[in-house]
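Read the structure below first, then the notes.
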Amino acid sequence: MNEIKVKVFNNLTRSKEEFKSVVPGEVRFYSCGPTTYDFLHVGNARALVVGDLIHRTFKALGYKVIFTRNFTDVDDKIIDKAKQNGVDALVHSAKFVDECIEDTKSLNMLPPTHTPKVSDTMKEIIEFVEELIAKGYAYEKEGEVLYHVPKFESYGKLSKKDLKSLEHGIRVEVDGHKLHPSDFVLWKPAKEGEPAWDSPWGKGRPGWHIECSAMARKFMGKTIDIHHGGVDLQFPHHENEIAQSEAANGQEFSRYWCHNEFLNFGKEKMSKSLGNVITIRQFVQNYGGAILRQVLASVHYRSTMDWSQEVIERGMNDLERIHTFIKSYQELKKTPSNEAANSEHLAEVLKVIPQMKEELANDFNTPGALSHFFGIIRFLNREYLGEGREKKALSLELIKAIDELLSFVSLATGLVYDDPAPILEKINSARKNFSTAEGKGGKLSDDEITKLISERTEARKTKNWGRADEIRKIFAEAGIELKDNPDGTVTWKWK
Ligand code: AMP
Ligand code: ZN
């Protein structure tokens, strides 16, 4: 059972509140997932990773979590893209559902409990719309069903907009069948060649907002505990979800609402329409998913984040720090000491999980939690792993405590990998790609590097210091750092 009090910044009240779930010890969590019309970009990855970190935080704090994240696989953007490519809309979106799942795996995300698609939820969506009509919140005209916003009295409670100011904001005349300019579509008739389903209002397809209300209820019941999405979804999408669910169910939809801030590119939001996107796939191919995850997890979800060379470099360095530590630790624990643990050192290690839990429970502060983890890595490097001093064997008790800590960090953050070697290799080649991409060097092939290293070793043996220096300079210019190890070997890495 979870013993720590969780605090969540609830956008319904714009304040940090103590988290109380409907069923103690359990969390019903919904996060709005992607529209599957193209490859996702690193801005979408931020929303996905934040959802995953919320999921992981509750698990790491001992909650049972039911987590639903949808795929919007029926949508205008999908239909347009599929037309351009001359393929069926559902075939097109099925491909990008698969691509998205591949991206989430590269980002080391835990699978949600449920990942419904709109195309698989049609029965529940239609029933939901029927209920809204029966209760007088929606109306149908010529095959189109609209939600009548003025009928829902607390409309605007999440986005803090009132209907009057919304009316002033809308200059266009009430279009089509709308009785009020804020009314929104629940169901629309299909045009020729578009995907369509039978309904009491003829062949058609749902509007965007209704899917989340129907899916949340289908998998988690009428009141869920916590709902997440990007900050752009707060209005109108989440406001409309509340209007639909609370009108149909007659009870509160979600107790807490969390929104992640944007990942910006320069001064702008990263978005497809601005053409400034880097896809998750491109990044993963060049640098690897572990680095992207580290970069995205390093900033609190309520802070805006700038996509810059600096944050990527910091991500690489942090990930390297963790896995260089794990590599040395795995080596050292093979020959443990049989002596009792140094009790002060043991206490230092044992206090880290509670410290990290405290941070995570404070509005999902993953960066705060990680700072404690980096603190203990520094401590163990200094005391045991030979950074600046000799290596010292670890007692069995200390090993047990460190293993438990690593499992905890792995579950809570997804930033710790059991096998550090491929991660460290990936970081090294990422640095090379990064150096090349940034024009900082990267002119040497792996073969040339190996040859030059042997030539330099030979030059040093024959006391040809001039050539040895020259080679060091070549490496420096190519952005490579050499390290002469005490055993006479030379290792190198991209700076
Ligand atoms: P979309 O496919 O545009 O509906 O977006 C899917 C999710 O990604 C939503 O939760 C958006 O809020 C989120 N999102 C889109 N662009 C960004 C961005 N630049 N930074 C953070 N989240 C974003
Ligand atoms: Zn949604």
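In listed order, ligands and their atoms are each counted from 1.
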(Q) With heavy-atom distances below 4.5 Å as the criterion, would you say the side chains of H180 and L163 are in contact? (A) yes
Q | Between H238 and H209, ring centroids under 6.0 Å | A | no
Q.
So if I count the atoms of ligand 1 from 1 in the order they appear, which ones are less than 4.0 Å from some heavy atom of A47?
A. 8 (O), 10 (O), 13 (C)
Q: Step through the shown structure and confirm whether more than 12 heavy atoms of other residues, nucleotides or ligands are within 6.0 Å of NZ on K16.
A: yes
Q. How many protein N, O or S atoms are found at a distance of less than 2.8 Å from the Zn ion (ligand 2)?
A. 4
(Q) Applying the side-chain contact (heavy atoms from CB on, under 4.5 Å) criterion to L158, which one of T13, L12, N10 satisfies it? (A) L12
Q: Check whether any heavy atom of T72 sits under 4.0 Å from an atom of ligand 1.
A: no
Q) Between N264 and ligand 1, which part of the residue brings a heavy atom under 4.0 Å of the ligand: side chain, backbone, both or neither? A) neither
**Q.** Aromatic contact, F364 with F58 (centres under 6.0 Å)
**A.** yes
Q.
Heavy-atom pairs closer than 4.0 Å: do any link ligand 1 to the side chain of N44, the backbone, both, or neither?
A. both
Q. Can you list every pair that meets ring-ring contact (aromatic ring centres under 6.0 Å, His included) and has a residue in residues 99-137, with sequence neighbours left out?
A. H114-F219
Q: May I ask you to check whether H92 and Y37 place their ring centers less than 6.0 Å from one another?
A: no
Q) Near L263, which atoms of ligand 1 are under 4.0 Å from a heavy atom of that residue? A) 18 (C), 19 (N), 20 (N), 21 (C)
Q) Non-hydrogen atoms of H41 versus ligand 1: any pair closer than 4.0 Å? A) yes
Q) Would you call E320 and R431 a salt bridge, using N to O less than 4.0 angstrom? A) yes
(Q) Could you work out, for atom 22 (N) of ligand 1, the closest of G43, P34, G230 by heavy-atom distance? (A) G43
Q.
Taking 4.0 angstrom as the limit and counting only heavy atoms of N260, give me the atoms of ligand 1 inside it, by number and element.
A. 21 (C), 22 (N)
**Q.** Atoms in ligand 1 flagged as close to L233, the criterion being non-hydrogen separation under 4.0 Å
**A.** 9 (C), 10 (O), 12 (O)
**Q.** Check ion pair K95-D98 (N to O, under 4.0 angstrom)
**A.** no
Q | Under-4.0 Å heavy-atom contact with ligand 1, by part of T35 that carries it | A | both
Q: Step through it carefully: locate the ring centre of W257, locate the ring centre of Y30, and say whether they are under 6.0 Å apart.
A: no
Q: Using a strict 4.0 Å cut-off to heavy atoms of D232, name the atoms of ligand 1 that fall inside it.
A: 11 (C), 12 (O)
Q: Can you measure from CD1 (I66) to CZ (R28) and round to the nearest 0.5 angstrom?
A: 4.0 Å
